[in-house]
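Sequence positions, counted from 1, serve as the residue numbers for this chain. This one's a predicted model, so the numbers in the text were calculated from it and none came from an experiment.
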Amino acid sequence: MCGLTGFLKADAFLPREELVRQVARMSATLAHRGPNDAGHWCDPAHGIALGHRRLAIIDVSAAGHQPMQSPGGRYVLVFNGEIYNHLLLRRELDGDMYPTPWRGGSDTETLLAGFEQWGIRATVERAVGMFALAVWDRQARSLTLARDRIGEKPLYYGWQGQGEQRAFLFGSELKALRAHPAFDDVIDRDALCLQMRHGYIAAPYSIYRNVFKLPPGCLLSVAQPSRTHALSSYWSAPGTMTDGVNRPFRGSPEQAVEALDGLLRAAVGAQMVADVPLGAFLSGGVDSSTVTALMQAQSARPVKTFSIGFHESDYNEAHHAQAVARHLGTDHTELYVTAAQARDVIPSLQDAYDEPFSDSSQLPTVLVSRLARQHVTVALSGDAGDELFCGYNRYQFVDALWHKVSAAPLPLRRLAARGIAGVSVEAWNRAARALGPGLPRAMRFQNTGDKLHKGAQVMTCASLDALYLGLVSHWDDPAALVRGAAEPPTALNGDAPDLAALDGLQRMMALDLLTYLPDDILVKVDRAAMSVSLETRVPLLDHRVVEFAWRLPQSCKLRDGVTKWILRQVLYRYVPKALIERPKMGFGIPVGDWLRGPLREWGDALLAQARLADEGFLEPALVRRCWTEHVSGQRNWQYQLWNVLMFQAWLAHRRAQPRTERDADMAEHLTGAIS
């Protein structure tokens, strides 16, 4: 696990010293991703510079130093991630009579040998793992970027600057690109709409104009002296899902359980290989318990496991994790944190996440990463079980709701919705309070008006996809919130791939696999863990597990209302059912209550009307109305407000940091003059 960065000049090539200075400054911003080693490689004749920060996991010796050149000298590689089958690839290369002796045991060297023997695309297609990489082909004078199939590892890129400054920049995090003198530093208001809608910015967009995320499963190439780039796919998630549904698993449910057990055991076993201490996150839920159980079944020593507990019972799962750990015999460490300790993490979030990101479970994720890093360098995670095996309750809820709503004609539903929305939330609440004593207990709700208005929005949906978009949206019309913006297309709002072969439940799972999983869940875990130099691995995202999951009939995932049925059957081979069966609990925090209490002063400052007007990104009146209604308890706007607050906090952090190396030099000069 490492950090990579670099750039390719369009023209006006620089002296070696300047190339080194620029790429060294870029890679220095990624020191947290790789504290063990740093390196760079430059070719002034072609304007290419590669930088690397290393977190040594496999072959911790100097033989794993990057950037690394292939034995024949044609390829130069910077690589972030792990190739779990690299020893198998080495045996295949040896079988192909690969002529050069191995210098060390790193998977980086294996990739380079593959590039020379098979080519870049063919090697990436053979690789099993999580990765982002940049490889310079000295013979073809071309740069290739690649990202793993699901998007575990991040990679940003973009053409920046004008004239002689113009350069193609890339890096593991945005801060590395921002350190280059050509970086334009212009906020993309359209992309900001996505953050306001979902709490994250979906690929390929980023918060900066003309800077993009490389989509999962893709290769990108830039040939010198071209000023353009070409994007291609080497693995397609939509194609995998469609193919799986069209070629379903034909065995019995018992055979499916056996096959999944074998696949998961192999994936977990491969991801337990490390030359440094290794452990697992354990919440006590189905996914993390399954990964931990399969680890312990293949380990001669107790696996180190970690969980975070909260004193608020509605948010605490630590006792469940403790029970699972006790049964499996793991070496378990838990930390109970107070609300104040969790809130103390907030100031560090902007530097860790590097662009506006507002999944509030980022707070406990940072805390559990800090806990684990005190004991291990690698931690396995149970993420992706919900997306692959129909684990989210919203899938059933939306599917059932759509069957009821769609029974009435759309024009009639829209007419009824206009009638409901035509009465204010406050008026509905007053009516509910007046009628409350005479209503059955089951019909007495808090914030009745809020619920009726949300119900009215549901009634206007023309399709299940539109209904699902509304459910996973925070701001329903973010373009009305972000000044001068138009929301760009994503897989969720009109740019979805062909998923015609999938039914309603499957489409929701597919959309989450394409958007929510890589752009929220995996971002959350990667940035939190790497902020403390902790590598995380996700065995459920072995692409062979993903492909098998999509071949399974839906009855193996959702059976008689039980979610993740097949994954539970695998888990029950190792852990008693009684330790697992309980209502699903998210990895969340009481943000809504905090904003009315201990975070109110912080929120007031970030959402001051004059401040919002001066910054010019958001509509002050709309934000202030939501803030006033929330803190008064009139309505619950916690998700909408957390999105806004995380952008405001990010904006303040960004303005406090030097824009580029020129700004940093100026800051250093001024500091020296003042002292």
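Judged by distance alone, the side chain of T365 and the main-chain N or O of V525 form no donor-acceptor pair under 3.5 Å. A donor-acceptor contact shorter than 3.5 Å links the side chain of T460 to the backbone of Q457. Looking only at distances, a side-chain donor or acceptor of H630 sits under 3.5 Å from a matching main-chain atom of G592. Distance alone, capped at 3.5 Å, is enough to place a donor-acceptor pair between the R624 side chain and the L607 backbone. Distance alone, capped at 3.5 Å, is enough to place a donor-acceptor pair between the Q506 side chain and the D503 backbone. Listed for the T5 side chain is no donor-acceptor partner under 3.5 Å among the backbone atoms of A176. Panel note: side chain Q160, backbone D184; a donor-acceptor pair is recorded below 3.5 Å. In this structure, E387 contributes its side chain and L513 its backbone to no donor-acceptor pair below 3.5 Å. Between the side chain of N80 and the backbone N or O of F131, no donor-acceptor pair lies under 3.5 Å. Under the 3.5 Å distance criterion, the side-chain polar atoms of D148 are matched with a main-chain donor or acceptor of K153.
Between L469 and N493 there is a side-chain heavy-atom pair separated by less than 4.5 Å. Between P216 and R147, some side-chain heavy-atom pair lies under the 4.5 Å cut-off. Side-chain contact check for L467 versus V405: every heavy-atom pair is 4.5 Å or farther apart. Considering only heavy atoms from C-beta on, D476 comes within 4.5 Å of S473 through its side chain. The shortest side-chain heavy-atom distance between L192 and F647 falls under the 4.5 Å cut-off. Put simply, the side chain of F168 reaches to within 4.5 Å of the side chain of L220, judged on heavy atoms. With contacts defined as side-chain heavy-atom distances shorter than 4.5 Å, the pair P154/R33 qualifies. Between W550 and L502, some side-chain heavy-atom pair lies under the 4.5 Å cut-off.
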Practice task
Show your working on side chain to side chain contact (heavy atoms under 4.5 Å, CB included) between F357 and Q362 and close with a plain yes or no.
Solution key: CA-CA 9 Å; F357 182 81; Q362 63 198 131; 3.5 Å; yes

Practice task
Please assess R507 against D465 for the test salt bridge (Lys or Arg N to Asp or Glu O under 4.0 Å), listing each intermediate value before the final yes or no.
Solution key: CA-CA 8 Å; R507 280 205 310 278; D465 290 354; 3.0 Å; yes

Practice task
Start with the C-alpha gap between T628 and Q634, add the side-chain angles, then the distance that decides, and say whether side chain to side chain contact (heavy atoms under 4.5 Å, CB included) holds.
Solution key: CA-CA 8 Å; T628 301; Q634 183 179 351; over 6 Å; no

Practice task
Carefully, step by step, assess R149 and M130 under the rule side chain to side chain contact (heavy atoms under 4.5 Å, CB included).
Solution key: CA-CA 8 Å; R149 293 169 177 83; M130 56 175 185; over 6 Å; no

Practice task
Show your reasoning for whether side chain to side chain contact (heavy atoms under 4.5 Å, CB included) applies to V644 and M196.
Solution key: CA-CA 7 Å; V644 172; M196 291 300 159; 3.8 Å; yes

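Between the side chains of S381 and T536, not a single donor N or O lies within less than 3.5 Å of an accepting N or O. When only modelled atom types and interatomic distance are considered, Q638 and H474 share no side-chain donor-acceptor pair under 3.5 Å. Looking at T490 and D495, their side chains never bring a donor and an acceptor atom within 3.5 Å of each other. A donor atom on one side chain and an acceptor atom on the other are found under 3.5 Å apart for K524 and S361. With hydrogens and angles left out, the side-chain atoms of S358 and Q195 include a donor and acceptor closer than 3.5 Å.
Taking the ring axis of W650 as reference, the NZ or CZ atom of K175 does not stay both within 45° of it and closer than 6.0 Å to the ring centre.
Here the OH atom belonging to Y395 is positioned 11.5 Å from the CG atom belonging to L558, to the nearest 0.5 angstrom. Atom OG in S360 sits 4.5 Å away from atom CD1 in I589 (nearest 0.5 Å). Rounding to the nearest 0.5 Å places NE2 of H198 at 10.5 Å from SG of C193. The distance from atom CG of L595 to atom CH2 of W627, rounded to the nearest 0.5 Å, is 5.0 Å. Between atom CG of residue L471 and atom CE of residue M508 there is a gap of 9.0 Å, rounded to the nearest 0.5 Å. Taking CZ of R527 as the start and CG of L349 as the end, the distance is 13.0 Å to the nearest 0.5 Å.
Between Y157 and H229, the ring planes lie perpendicular to each other; the angle is over 60°, past the 30° to 60° tilted range. In this structure, W235 and H543 have perpendicular ring planes: the angle between them is above 60°, well past the 30° mark.
Residue pairs meeting the salt bridge (charged side-chain N to carboxylate O under 4.0 Å, His left out) criterion with at least one member in residues 186-211, sequence neighbours excluded, are R197-E487. Sequence neighbours left out, the pairs with a member in residues 394-416 that pass salt bridge (charged side-chain N to carboxylate O under 4.0 Å, His left out) are R394-D512.
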Under 3.5 Å, which donor-acceptor pairs link side chains of residues 516-523 to any protein atom two or more places apart or in another chain?
| from | atom 1 | to | atom 2 | distance (Å) |
| --- | --- | --- | --- | --- |
| D519 | OD1 | A203 | N | 3.4 |
| D519 | OD2 | A203 | N | 3.2 |

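Within a 6.0 Å radius of OH in Y639, no more than 12 heavy atoms belonging to other residues, nucleotides or ligands are found.
For E173 against L30, the heavy-atom pair with the smallest separation is CB-CD2, 3.8 Å. Here the shortest heavy-atom pairing between A179 and T29 reads CB-CG2, 4.0 Å. For the residue pair C218 and P215, the shortest heavy atom distance occurs at CB-O, 3.3 Å. Of all non-hydrogen atoms in A132 and L155, the two that sit nearest each other are CB-CB, 4.0 Å. In plain terms, the two heavy atoms of L541 and E152 that are nearest each other are CB-OE2, 3.8 Å. Residues Y205 and P489 come closest through the heavy atom pair OH-O, 2.9 Å.
For Y208 and F183, the ring centers are positioned less than 6.0 Å apart. Checked against a 6.0 Å centroid threshold, the rings of F397 and Y392 do not count as neighbours.
Checked against E355 for a salt bridge (charged side-chain N to carboxylate O under 4.0 Å, His left out), the options K213, R654, R178 give a single hit: K213.
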